[in-house]
Amino acid sequence: MHVVYPVVVSALLFSIGVYGVLARRNAILVLMSVELMLNAVNLNLVAFDVWLRDRLHGGQVLTLFVIVIAAAEVGLGLAIVLAVFRTRRTVDVDRLRALAEVVRTPEPGRPDGEGAS
């Protein structure tokens, strides 16, 4: 098989992943799009490793490292998404621009804080 076929498939996967990262608002879908981009990179690494007939199989070794990093990224990313969801009740990326908690202050003239926004 010629190297062009896996490279074209990899480019399509990477393009879909970039579109998903830029267009999606849900944090979990953004994480899935990042995983899609990493899998496109893995496909390129393996395709060029086979095409270049590397004796040490460097592309496949790098692919294993990328898979390990991707697994760690998923674990950490989902933990962050769950923590944000517990505090904010949303995983909409547009609503999560500010990471600081919103502190409600009482209005002037009301010592009890009623009517605070």
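Throughout, residue positions are numbered sequentially from 1 according to the sequence presented. On a predicted model such as this, the values are computed, not experimentally measured, just so you know.
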Using atom types as modelled, flag every donor-acceptor pair under 3.5 Å from a side chain in residues 65-76 to any protein atom, sequence neighbours excluded.
none

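- Applying the side-chain contact (heavy atoms from CB on, under 4.5 Å) test to Val91 and every residue at least two apart in sequence or in another chain returns Asn26, Ala27, Val81, Phe85.
- Note that the OG atom of Ser33 and the CG atom of Leu38 stand 11.0 Å from one another [nearest 0.5 Å].
- The distance from atom CG of Asp49 to atom NE2 of His57, rounded to the nearest 0.5 Å, is 6.5 Å.
- With hydrogens and angles ignored, the 3.5 Å screen pairs no side-chain donor or acceptor of Ser10 with any backbone N or O of Leu43.
- Connection of Val41 to Val21 is established within a shared hydrophobic cluster, with ILVMFWY side chains joined at heavy-atom distances below 4.5 Å, either directly or through further cluster members.
- Val34 and Leu29 sit in two unconnected hydrophobic clusters of ILVMFWY residues. Membership requires side-chain heavy atoms under 4.5 Å apart, directly or through other members.
- Nearest heavy-atom pair, Leu13 versus Ala40, reported as atom, atom and distance to 0.1 Å: CB-CB, 3.8 Å.
- Partners of Thr63 under the side-chain hydrogen bond (donor to acceptor under 3.5 Å, both in side chains) rule, at least two apart in sequence or in another chain, do not exist in this structure.
- Tested against Asn42 for a side chain to side chain contact (heavy atoms under 4.5 Å, CB included), the candidates Asn44, Val46, Asn39 yield a single pass: Asn39.
- Put simply, Leu22 and Met37 are part of the same group of oily side chains (I, L, V, M, F, W, Y) that touch within less than 4.5 Å, one to the next.
- Distance check, rounded to the nearest 0.5 Å: CD of Gln60 to CG of Leu45 gives 10.0 Å.
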Determine, stepwise, if the pair Leu56 / Val61 fulfils side-chain contact (heavy atoms from CB on, under 4.5 Å). CA-CA 9 Å; Leu56 298 176; Val61 171; over 6 Å; no
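- Placement of Leu36 and Val9 within a single hydrophobic cluster is found when ILVMFWY residues are connected by side-chain heavy-atom separations under 4.5 Å, directly or transitively.
- When atom types are taken as modelled, the side chain of Ser15 and the backbone of Ala11 share a donor-acceptor pair closer than 3.5 angstrom.
- Distance check, rounded to the nearest 0.5 Å: CG of Leu31 to CD1 of Ile80 gives 8.5 Å.
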